[in-house]
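Letters A, B, ... are given to chains in the order of the sequence lines, protein chains preceding strands, and every chain is numbered from 1. Keep in mind it's a predicted model, so treat the numbers as computed, not measured.
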There are 2 protein chains.
Amino acid sequence: MTSEHSARPTISDVAAEAGVGRSTAARTLGGYGYASEEVRERVLAAAERIGYRANALARSVSTGVSHTLGLIVADLANPFFGGVARGISDASRERGFDTLVLSTHEDLAEEVAATNVLIDKRVDGIIVASAALEAGAAGHIEQARSSGIPVVLVDRAVPGLDIDAVVIDNRAAARDAVAHLVAAGHRRIGFVWGPPLAERPRRRRDLVGVGTGNQWTDGERLQGYLDALDDEGLAFDVELVMVGAKTEENAQAEVARMLELPEPPTALFCTENDAMTGSLRALRNAGSRVGETMSLIGFDDSSWAAVMEPPLSMIEQPTLALGAKAAEVLFATIDAGSRGGAPELHTLETRFIARASVAPPNVN
Amino acid sequence: MTSEHSARPTISDVAAEAGVGRSTAARTLGGYGYASEEVRERVLAAAERIGYRANALARSVSTGVSHTLGLIVADLANPFFGGVARGISDASRERGFDTLVLSTHEDLAEEVAATNVLIDKRVDGIIVASAALEAGAAGHIEQARSSGIPVVLVDRAVPGLDIDAVVIDNRAAARDAVAHLVAAGHRRIGFVWGPPLAERPRRRRDLVGVGTGNQWTDGERLQGYLDALDDEGLAFDVELVMVGAKTEENAQAEVARMLELPEPPTALFCTENDAMTGSLRALRNAGSRVGETMSLIGFDDSSWAAVMEPPLSMIEQPTLALGAKAAEVLFATIDAGSRGGAPELHTLETRFIARASVAPPNVN
DNA sequence: TCCACACCTGATACCGGTACCACATTGGGG
DNA sequence: CCCCAATGTGGTACCGGTATCAGGTGTGGA
């Protein structure tokens with residue numbers, strides 16, 4: 001042991017230590033080109049002795065490959081994105097890639113900045129759950145691609161943007177959930193959360209096109225809700241959809257409002273976690289009992305949902321798998337080089353978990 | 001617009017486009033050295049025109065600064081670590097740093113590998129929630145530091161390791177929570193979860209030293225539990241602590257066992273999320289009603305806890321703040337250069353949220 | 001009128017790697 | 001015995017930046 005080495009040794013240091021030329025040391029350490037057995041051992045021993053670790057940055061500058069992926073999400077503290085990030089991270093680590101994760105707080109300007117950071121740091125690919133609602137707002141994504149960086153969208157496909165995307169079928173999941181409620185006998189089903197509507201729609205027409213044809217989760221879930229109503233021949237009632245800010249407080253207020261209607265809903269479909277907790281607060285305040293006077297279905301299963309009294313029926317999203325699949329698609333694109341095939345929309349299955357929060361409507 | 005540039009333009013391209021020397025272009029773009037107003041404008045315009053973006057990797061090789069932090073946690077999908085990661089990410093973004101996040105799945109070997117990756121990628125600092133239980137197992141952390149990378153521990157301080165750490169006072173939080181139960185009149189309080197005990201301790205002595213003097217969360221929480229018993233003059237009963245695997249299933253089984261005791265607990269202190277849900281399952285199966293026949297306190301508040309029936313008393317951990325503080329301490333170390341002060345243990349406050357799951361014991 | 005100096009620019013060496021290629025050696029076959 | 005190929009090594013250009021410095025130009029003061 002040649003004592004402490006505070007400065008990080010370089011290839012030249014190893015070469016000197018081993019008594020060989022710089023390029024010979026580089027060749028053995030880098031694993032390219034030729035080196036005799038004897039020299040190889042001497043170099044390896046020298047590297048070990050002085051604690052040499054290759055500078056990955058310098059290598060990347062030279063090779064043009066950084067072995068790093070970029071991930072852009074709204075909020076890492078959100079367990080959904082945490083799961084996706086973990087899925088990506090695990091899948092990419094297997095291939096020797098690491099992940100640079102940037103949070104945008106659902107702000108498009110921050111997303112653009114994040115994209116630039118990733119371009120500057122020369123990541124080999126980008127996975128993004130974009131806040132862009134349409135292709136026109138996704139110039140930064142086009143730019144990343146045109147500078148040669150493969151991009152895969154996750155969770156949210158941007159309509160009109162011709163890029164691989166890995167999503168769940170929010171529309172079908174919502175349709176199935178609502179159909180489940182209808183099958184239990186419900187006719188008046190509240191929709192809590194959704195695409196941000198500034199004001200109450202006056203008729204169903206006002207909702208046509210809201211988030212339509214786009215894969216953005218909220219819009220899709222609303223469409224699925226409408227699909228189910230159509231399938232079952234149920235009337236749409238504008239009073240049964242939430243409007244305004246997407247906060248737990250507003251969800252609570254909106255559900256409270258619905259409970260005051262002449263003909264209140266007998267079931268609620270909550271499209272997100274905070275929509276569910278807000279609804280539960282409103283129900284508790286109104287003395288409405290879940291599974292008896294009110295049926296409930298929520299999105300994003302959690303270990304809590306199963307221990308609620310009664311346990312809540314939930315739609316489970318495969319977050320890990322979503323991330324793993326996104327990474328897989330990204331690597332396929334990277335491997336394919338520029339001659340990639342046509343972009344695909346990869347849809348993963350959700351799982352409906354039936355629990356006791358859904359029961360026939362309480363007809364008194 | 002000089003059409004599409006699929007290849008990424010370099011400083012030389014800008015120089016050519018602007019009709020100046022490479023170094024002049026570099027000087028203006030890099031913001032160092034001199035350049036006349038007229039040339040500056042020409043260079044900036046040229047850069048804009050061909051869409052030049054500096055290669056951050058090349059810059060890092062030259063300057064030795066990567067403007068990247070490394071974060072090592074057990075599992076990004078765990079909301080606790082998600083929150084910490086988000087806190088770090090937000091704080092570091094403000095200073096123009098990005099974060100490389102690696103998950104180790106609570107495996108020390110993976111943690112060592114992750115550390116090496118970060119060293120190789122020349123991050124400017126590392127924040128780690130280490131799986132190492134003692135300084136002897138933290139050679140990789142020492143190694144990172146000796147190669148000049150500042151390190152800050154988060155969530156878990158490694159005993160004997162002389163490094164800055166940002167943690168919560170798990171011991172005090174646990175003590176206070178248990179004291180709260182005692183104040184409500186409870187004398188038999190179950191401890192669910194804890195440091196993995198292979199077999200049932202036979203007497204209290206067996207627990208002395210388990211996780212003692214170390215900041216590792218489980219050990220600290222157990223000590224806090226014992227502290228509270230001592231403070232309140234309560235007897236310790238080995239039957240009231242959970243043993244075996246730290247899984248939701250086992251927590252359920254252990255609580256079920258405790259309920260069968262001749263003198264079952266009247267309250268439970270759950271040190272983690274899965275411990276709480278496991279406990280709730282056991283209680284439901286046994287027909288025990290929370291807040292009536294059984295009082296409950298859990299760790300890690302969640303929006304679900306507030307909407308449970310009854311709402312659950314919880315200890316809230318400041319996850320975002322934990323991350324933000326860790327980043328702050330790390331930056332202070334980075335700014336201080338090699339001449340850093342003595343390592344400190346930074347302790348953040350938890351918050352006890354009293355809800356209806358704690359009530360006086362039901363004496364029939 | 002000439003020199004000093006401020007102003008401005010390009011050349012050049014470097015960071016720590018990759019990768020190619022030219023140039024010894026050595027040895028075997030014709 | 002000589003030549004050529006295989007074997008092994010170091011030199012060198014390059015990746016895309018940073019940073020210093022030499023030197024050319026223009027202006028004002030002596």
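Nearest to the side chain of A/Arg27, among D/dG10, C/dG17, C/dG16, sits D/dG10. The B/Ala26 side chain lies nearest to D/dT18 when the options are D/dG16, D/dG10, D/dT18. Side-chain atoms of B/Ser23 lie closest to C/dT12 of the nucleotides C/dG17, D/dT9, C/dT12.
For A/Tyr32, no side-chain nitrogen or oxygen approaches OP1 or OP2 of C/dC21 to under 4.0 Å.
Listed by chain and residue number, A/Arg156 satisfy the salt bridge (Lys or Arg N to Asp or Glu O under 4.0 Å) test with A/Glu106 (two or more places apart in sequence, or in another chain). Residues forming a side chain to side chain donor-acceptor pair (under 3.5 Å) with B/Asp120 (at least two apart in sequence, or on another chain): A/Arg53. Partners of A/Asp90 by side chain to side chain donor-acceptor pair (under 3.5 Å), not counting sequence neighbours, listed by chain and number: A/Arg86, B/His105.
Note: CD (B/Glu37) to P (C/dT9) measures 11 Å, nearest angstrom. Spacing between atom CZ of B/Arg22 and atom P of C/dA13 amounts to 13 Å, rounded to whole angstrom units. Per the geometry, NZ belonging to B/Lys121 stands 16 Å off C1' belonging to C/dG16, to the nearest Å. Remark: C1' of C/dG10 and CZ of B/Arg42 are 13 Å apart, rounded to the nearest angstrom. Atom CZ in B/Arg59 sits roughly 10 Å away from atom C1' in D/dG16 (whole-Å rounding). The distance between atom CD1 of A/Ile11 and atom P of D/dG10, rounded to the nearest whole Å, is 13 Å. The distance between atom CG of A/Asp13 and atom C1' of C/dC15, rounded to the nearest whole Å, is 13 Å. In this structure, the CD atom of A/Glu38 is 7 Å from the P atom of D/dT9, given to the nearest Å.
Positionally, the nearest nucleotide of DNA chain D for B/Asn55 lies more toward the 5' end than for the other of B/Gly33 and B/Asn55.
Applying the salt bridge (charged side-chain N to carboxylate O under 4.0 Å, His left out) test to pairs two or more places apart or on separate chains, none has a residue in residues 136-149 of chain A. Sorted by first and then second residue, the salt bridge (charged side-chain N to carboxylate O under 4.0 Å, His left out) pairs with a member in residues 23-41 of chain B read B/Glu38-B/Arg42; sequence neighbours excluded.
Between the side chain of B/Ser147 and the backbone N or O of B/Gln143 there is at least one donor-acceptor pair closer than 3.5 Å.
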Only distances under 3.5 Å count here; give the side-chain donor-acceptor pairs of residues 127-140 of chain A to other protein atoms, sequence neighbours excluded, each with its distance to 0.1 Å.
unit_1	atom_1	unit_2	atom_2	d
A/Ser130	OG	A/Glu111	OE2	2.6
A/Ser130	OG	A/Ala132	N	2.9
A/His140	NE2	A/Glu111	OE2	2.8

Let me check something: any side-chain donor-acceptor pairs from residues 94-103 of chain A under 3.5 Å, sequence neighbours excluded? List them with distances.
unit_1	atom_1	unit_2	atom_2	d
A/Arg95	NH1	A/Asp335	OD2	3.1
A/Arg95	NH2	A/Asp335	OD1	3.1
A/Asp98	OD1	A/Arg93	NE	3.0
A/Asp98	OD1	A/Arg93	NH2	3.0
A/Asp98	OD2	B/Lys121	NZ	2.7
A/Thr99	OG1	A/Ser92	OG	3.4
A/Ser103	OG	A/Leu76	N	3.4

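The structure places CG of B/Leu320 at 11.5 Å from CG of B/Leu348, a figure rounded to the nearest 0.5 Å. In this structure, CG in A/Leu29 is found 6.5 Å from CG in A/Leu44, a value given to the nearest 0.5 Å.
Listed by residue number, the members of residues 62-70 of chain A with any heavy atom below 4.0 angstrom from DNA chain C are A/Ser62, A/Thr63.
When heavy atoms are screened at a 4.0 angstrom cut-off, A/Ser36 is found touching the sugar-phosphate backbone but no base atom. Contacts of B/Ala35 with the nucleic acid, taken as non-hydrogen atoms under 4.0 Å apart, involve only primed sugar atoms and P, OP1 or OP2.
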With pairs defined as Watson-Crick or G-U wobble and both distances under 3.5 angstrom, please note down DNA chain D as a dot-bracket string, | for pairing with another strand.
||||||||||||||||||||||||||||||

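Side-chain atoms of B/Arg122 stay outside donor-acceptor range of the base of C/dG16, with no qualifying N/O pair under 3.5 Å. No hydrogens or angles were tested; on distance alone, nothing pairs the side chain of A/Thr10 with the base of C/dG16 as donor and acceptor under 3.5 Å.
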